[in-house]
Amino acid sequence: MTRPLSRAEVPPAFGGSAPAPVSAPVRVPGGGGRPAAAGTSAAGSPAASTASGAAATGLQAVLLDMDGTLVDTEGFWWETEVEVFAELGYALADEHREVVVGGPMSRSATYLIQATGADISLGDLTVLLNSRFIERVERGVSLMPGARRLLTELAAHDVPAALVSASHRRVIDRMLVSLGPEHFALTLAGDEVERTKPHPDPYLLAASRLGAHPGRCVVVEDTATGVASAEAAGCHVVAVPSVTRIEPAHRRTVVPSLEEVDLPFLHSLIASAY
């Protein structure tokens with residue numbers, strides 16, 4: 001679930017600090033759920049060898065968020081939360097949406113429990129929200145404009161792509177039915193890292209598993225939480241805002257849609273940074 005904090009709300013622990021050790025498994029499509037070995041790519045080649053389409057001194061990988069970036073599901077999450085809390089006897093005000101959008105399930109669910117005083121445990125609420133969300137997705141989900149074309153272009157030019165989401169594994173696996181697992185060298189879920197977004201850990205781990213330097217990776221995100229995670233990891237960011245406004249900054253380019261993003265554009269971002 002991609003959920004933004006304002007930059008003032010981002011926990012100070014992530015800002016420039018070293019990430020906690022990460023040893024959680026990375027799901028590689030077609031790999032039977034086994035983690036990729038440390039220091040290897042999803043295909044099992046040495047980490048030092050990036051795909052042929054990514055020059056060692058240029059763009060080495062593209063790391064993509066999921067909800068609100070590739071699939072049009074940010075509204076689904078909020079509708080699910082409103083529905084579940086209505087059943088618990090609480091009406092969620094719109095003001096809560098900007099707090100919970102973009103972050104990990106644990107943080108969002110904890111906030112909503114505290115804000116409403118609902119009599120439900122964090123564990124039970126997490127299971128309930130994930131289950132209801134998947135039920136909603138089963139009725140159909142749309143890709144964001146330009147998403148399919150971008151993924152196809154990256155694959156056609158052998159540029160490694162990773163799906164890096166704060167959503168749980170069971171949600172990602174369902175979304176891959178729509179996105180196509182063949183488009184990703186690896187996928188990483190929020191419940192597979194010790195610290196998820198806005199900490200840098202997910203993007204650092206994804207870059208490492210692809211044998212890429214974070215500074216040679218472009219991250220595509222839609223929320224301030226995801227942007228904070230990618231920037232803390234040292235990646236260049238393309239922000240495609242979904243719910244809240246994101247301002248341009250150093251090594252951060254803001255575009256209105258993925259239709260503005262293609263491979264020459266991504267290459268130019270890395271070239272201009274060096």
Side-chain angles (χ1 to χ4, degrees), residues 1-6 9 27 64-145 147 163-181 187-193 195-198 202 220-229 240-246 258:
M1 186 162 45
T2 54
R3 309 189 158 280
L5 288 167
S6 68
E9 292 175 309
R27 182 68 61 84
L64 303 110
D65 174 55
M66 185 177 72
D67 292 296
T69 299
L70 293 176
V71 287
D72 190 9
T73 51
E74 282 295 6
F76 285 11
W77 278 115
W78 178 241
E79 291 165 8
T80 297
E81 289 156 349
V82 169
E83 177 184 289
V84 167
F85 274 86
E87 294 174 3
L88 295 172
Y90 301 91
L92 292 184
D94 287 342
E95 65 192 54
H96 297 309
R97 186 177 186 183
E98 289 194 8
V99 179
V100 299
V101 66
M105 172 71 77
S106 58
R107 193 201 73 203
S108 301
T110 297
Y111 168 82
L112 291 174
I113 291 172
Q114 293 173 345
T116 61
D119 184 19
I120 187 171
S121 70
L122 175 59
D124 288 344
L125 179 58
T126 297
V127 171
L128 184 56
L129 288 174
N130 275 327
S131 296
R132 290 293 181 83
F133 179 78
I134 291 174
E135 288 175 7
R136 183 174 290 271
V137 169
E138 293 286 356
R139 300 197 291 270
V141 61
S142 298
L143 270 61
M144 299 298 286
L163 184 64
V164 183
S165 176
S167 288
H168 287 192
R169 169 52 59 187
R170 62 183 295 212
V171 173
I172 288 182
D173 284 347
R174 178 57 189 81
M175 289 297 187
L176 284 172
V177 175
S178 298
L179 288 168
T187 65
L188 183 61
D191 55 344
E192 294 172 340
V193 290
R195 301 189 308 175
T196 188
K197 304 172 188 179
V220 185
E221 273 280 359
D222 72 307
T223 70
T225 298
V227 168
S229 174
V240 191
S242 59
V243 176
T244 59
R245 184 178 178 84
I246 299 174
L258 286 180

Go through the steps for R174 and V141 under the test side chain to side chain contact (heavy atoms under 4.5 Å, CB included), then give the verdict. CA-CA 11 Å; R174 178 57 189 81; V141 61; 5.6 Å; no

Please round to the nearest 0.5 Å and tell me the distance separating atom [atom1] of [X] and atom [atom2] of [Y].
X: L92; Y: E83; atom1: CG; atom2: CD; value: 11.5 Å
X: S165; Y: L70; atom1: OG; atom2: CG; value: 9.5 Å
X: D72; Y: S242; atom1: CG; atom2: OG; value: 9.0 Å
X: S108; Y: L122; atom1: OG; atom2: CG; value: 10.5 Å
X: L258; Y: L64; atom1: CG; atom2: CG; value: 8.0 Å
X: T69; Y: D222; atom1: OG1; atom2: CG; value: 3.5 Å

Please examine the side chains of [Y] and [X], heavy atoms only from C-beta on, and report whether any two atoms are closer than 4.5 Å.
X: W77; Y: V171; result: yes
X: T73; Y: F133; result: yes
X: K197; Y: D65; result: yes
X: I113; Y: I120; result: yes
X: T244; Y: T223; result: no
X: L163; Y: L176; result: yes
X: L179; Y: M66; result: yes
X: T225; Y: R107; result: yes

Worked verdict on F85 versus L125 for side chain to side chain contact (heavy atoms under 4.5 Å, CB included): CA-CA 10 Å; F85 274 86; L125 179 58; 3.7 Å; yes

Step by step, work out the side chain to side chain contact (heavy atoms under 4.5 Å, CB included) result for F76 and D67. CA-CA 9 Å; F76 285 11; D67 292 296; over 6 Å; no

Taking every non-hydrogen atom, the tightest pair across [X] and [Y]:
X: T126; Y: H168; result: CG2-CE1, 3.6 Å
X: V193; Y: P202; result: CG2-CG, 4.2 Å
X: L129; Y: A109; result: CD1-CB, 4.5 Å

Measure the acute angle between the ring planes of H96 and Y111, then classify it against the limits of 30° and 60° as parallel, tilted or perpendicular.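 Perpendicular: the ring planes of H96 and Y111 meet at over 60°.
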
Determine the sole option in I134, V127, L128 for which the side chain to side chain contact (heavy atoms under 4.5 Å, CB included) test with S131 is passed.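 When side chain to side chain contact (heavy atoms under 4.5 Å, CB included) is applied between S131 and each of I134, V127, L128, only V127 qualifies.
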
Carboxylate-amine/guanidinium contact E81 R132, below 4.0 Å: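 Salt bridge absent between E81 and R132.
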
